[in-house]
Amino acid sequence: MITETIKNSLKKKLEALGISVATDEISLERPANREHGDWSSNVAMVTSKRLGKPARVLAEEIVESLNADPPKGIAEVIAAGPGFINFHISTVLAHEVLLRVLENGNRYGSSDAGLGKHVNVEFVSANPTGPLHAGHARGACYGDAIGNLLSYVGYEVHREFYMNDRGLQMNVFGRSLQARKNNEPLPDDGYGGEYVMEWADIMPENLTLEEITDWGCEYAKTDQQDALNQLGIHFDTWFSEKSMIENGEIDRVLEDLITEGVAYKKDGATWLSSAEFGDDKDRVLIKSNGEYTYLTPDIAYHRNKFERSDWLINVWGADHHGYIARMKAAMQALGYDSENLSVQVTQLVKLLRAGEEVKLSKRQGDIIELRSIIEEIGADSTRFMYLLQSVDSKQTFDLELAASKAMDNPVYYVQMAYARLCSVERNANEHGFQFSLLPIDELGLLVHSRELDIIRGLEILPETIELAARELAPHKIVTWLRDFANSVHGFHHDCYVVGDGISKELTNARLNLVVASRKGLKVGLDLLGVTAPKQM
RNA sequence: GCCCUCGUAGCUCAGUAGGAUAGAGCGACCGCCUCCUAAGCGGUAGGUCACAGGUUCGAUUCCUGUCGAGGGCGCCA
């Protein structure tokens, strides 16, 4: 790699000046400003104190020495600013990225960094008591996208949905359905949503409460699956909480906790010694009335997942963050390393329509269904909009903008860039030009600043993917796509592939650039689960 | 009171394992179509990076505190 070449040459020069530096101490970064070169090192500023001379002077000495004997692939080295050493790589080397993209096709930027480790991504996990709503959308899009990312960098990814298909909420839901079926008043705190009436209407007659609850659960699951399918989200496992009651797993985990001495009885209840493992206080596992708390089945569930995976990722809504410490404590109490449990919390999303806040009032039971959002703005737009920003930040977006088929809608801007490249390629084909992979020296015709923008964009895609995967931050892919789409539109505007005054050789070289760009966009869109339309 | 996530342009947001002149889109204003989608491209205006200290050659980024927003602190789920 070129970065290794640069680091080694810097190390050699520093040693000649009497400073010994480990290779990994030398940091190289990509300057934000392209005039500052392709790679930049701050090593002169970091070491100048040890040498007792100004950083800028040291940088110039190093630069002079480097230019006398330039490292392979480096065209020029320049000292700049307070003491940066900027490296400009040779054109040929820059263009090699096109060959890498064209040869790797739709796997460009993938890696085996995950070493095939098994990661379980649990997300959505809505209660089976109704349709998915707006509040589930962010976690759904996010969870699926990090699954894509991790899979792309070499993890074995398992997508999982946990169903709380037993307990108090299910009971209330069953009784709500029953009341609606019999035209009786809803129970206290019953489910007031309109869907309960609709579902009660299609529910078979003369069922017992237990049968009603089971029917409702199954119906809700099917309904939720249907909405997720519309987004292209598919789970490997729909894990039933109830199944852990039936097979005794929950009781087993309780016994083990007591045996290990990390759970105890007090005041008629059973407690987890979670405070010993980093939680604020101990937590109740079995209430004095004999029922499990919410925590207990969840502990059993997480142990179940750990038995199947190396790494667990939970995607939770902001209202669950207070739960993280006790879950990690419980896992440590069971002997697992809580470092292998990552909990990603998604902040709330506020929806606007034409600038007006879309109000949800849960008390009335009236919700915005996820399905209705998908119908209003489309699956691609839903995914893209929800992935636009870091999940650490609260998000606001306008449904009207998200539905618009105009360039101010980011998803259309990016998709249009893809469609344009396809269109350019079709046009070239009609003019008798077929894409074929050119040797590197013929790609050297690509020197226009728009072309170099694209080459640079493709160059940084793999490291963008690597970073997005490492930080579980798919919005970094979105940011790359928007930047890259901008480069594509600029290229399209200024660089005709076929036309008067464009040589045959340039047309062929640009056709290579077009195909490489198209593949780059496709990689990014695929990672987000957004389609890449050939025309719009 | 304690904990978590935040606070960057009029609006919506990037950026921060410490780096050079803090970026994009929208909105405002001004330009650009004999040729591949003007569904586009370019330019101008717009910032004490919430505030105050600290560490550093260098802080929007790290540390401490203050203020502000949202969320969480149950034998609820």
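In what follows, chains are A, B, ... by sequence order, proteins preceding strands, each numbered from 1. No experiment lies behind these values; they were computed from the predicted model shown.
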Scoring nucleotides 72-77 of chain B by protein non-hydrogen atoms under 4.0 Å (B base, S sugar-phosphate only, - none) yields SSSBSB
What's R470(A) touching, base or sugar-phosphate or nothing? Going by heavy atoms closer than 4.0 Å.
nothing
Counting only Watson-Crick and G-U wobble pairs with both atom distances below 3.5 Å, the stems of 3 or more consecutive pairs that include RNA chain B are B:1-7 with B:67-73, B:10-13 with B:23-26, B:28-32 with B:40-44, B:50-54 with B:62-66
Protein-nucleotides 44-47 of chain B N/O pairs under 3.5 Å:
none

Ranking Y413(A) and K476(A) by the position along RNA chain B of their nearest nucleotide, the one closer to 5' is K476(A)
Give each protein N/O atom lying under 3.5 Å from an N/O atom of nucleotides 6-12 of chain B, with the pair distance.
| residue | atom | partner | partner atom | Å |
| --- | --- | --- | --- | --- |
| C6(B) | OP1 | D392(A) | OD2 | 3.1 |
| U12(B) | O3' | T396(A) | O | 3.4 |

Given the 90°-from-0 boundary between syn and anti, C33(B) should be labelled syn
D298(A) (side chain) donor-acceptor with Y294(A) (main chain) under 3.5 angstrom: no
Per-nt protein contacts along nucleotides 30-38 of chain B (heavy atom under 4.0 Å; B base, S backbone sugar-phosphate only, - none) come out as -----BBBS
**Item:** Distance-only side-chain donor-acceptor flag, Y496(A) / N427(A), under 3.5 Å
**Value:** no
With a distance cut-off below 6.0 Å to the six-membered ring centre and an angular limit of 45° from the axis, does R283(A) pair with W271(A) as a cation-pi contact?
no
Expected list for residues 312-331 of chain A: side-chain donor-acceptor pairs under 3.5 angstrom, two or more places apart:
| residue | atom | partner | partner atom | Å |
| --- | --- | --- | --- | --- |
| N314(A) | OD1 | K305(A) | NZ | 2.9 |
| N314(A) | ND2 | H302(A) | NE2 | 2.7 |
| K328(A) | NZ | L341(A) | O | 3.1 |

Applying ring-ring contact (aromatic ring centres under 6.0 Å, His included) to Y418(A) and not counting sequence neighbours gives none
Contact check, residues 502-517 of chain A vs RNA chain B, heavy-atom distance under 4.0 Å, returns none
d(I89(A) CD1, I74(A) CD1) to nearest 0.5 Å is 6.5 Å
Polar atom pairs (N or O), protein with nucleotides 18-22 of chain B, under 3.5 Å:
| residue | atom | partner | partner atom | Å |
| --- | --- | --- | --- | --- |
| G19(B) | N7 | N42(A) | ND2 | 3.1 |
| G19(B) | O6 | N42(A) | ND2 | 3.4 |
| A20(B) | N6 | S40(A) | OG | 2.6 |
| A20(B) | N6 | N86(A) | OD1 | 2.9 |
| A20(B) | N1 | N86(A) | OD1 | 3.3 |
| A20(B) | N1 | N86(A) | ND2 | 3.0 |

Listed pairs under 3.5 Å, donor-acceptor, residues 470-482 of chain A side chains, sequence neighbours left out:
| residue | atom | partner | partner atom | Å |
| --- | --- | --- | --- | --- |
| R470(A) | NE | E466(A) | OE2 | 3.1 |
| T479(A) | OG1 | H475(A) | O | 3.0 |
| W480(A) | NE1 | G457(A) | O | 3.0 |

Q: For D267(A) and A269(A), indicate whether the former's side chain and the latter's backbone hold a donor-acceptor pair under 3.5 Å.
A: no
Fill in: F161(A)-F123(A) aromatic ring centre distance below 6.0 Å
no
By side chain to side chain contact (heavy atoms under 4.5 Å, CB included), E339(A) pairs with (sequence neighbours left out) D337(A)
Distance-only check: which donor-acceptor pairs under 3.5 Å involve side-chain atoms of residues 404-412 of chain A, not counting sequence neighbours?
| residue | atom | partner | partner atom | Å |
| --- | --- | --- | --- | --- |
| S404(A) | OG | L401(A) | O | 3.3 |
| K405(A) | NZ | Y412(A) | OH | 3.4 |
| N409(A) | OD1 | V411(A) | N | 3.3 |
| N409(A) | ND2 | L401(A) | O | 3.3 |
| N409(A) | ND2 | A402(A) | O | 3.0 |
| N409(A) | ND2 | S404(A) | O | 2.8 |

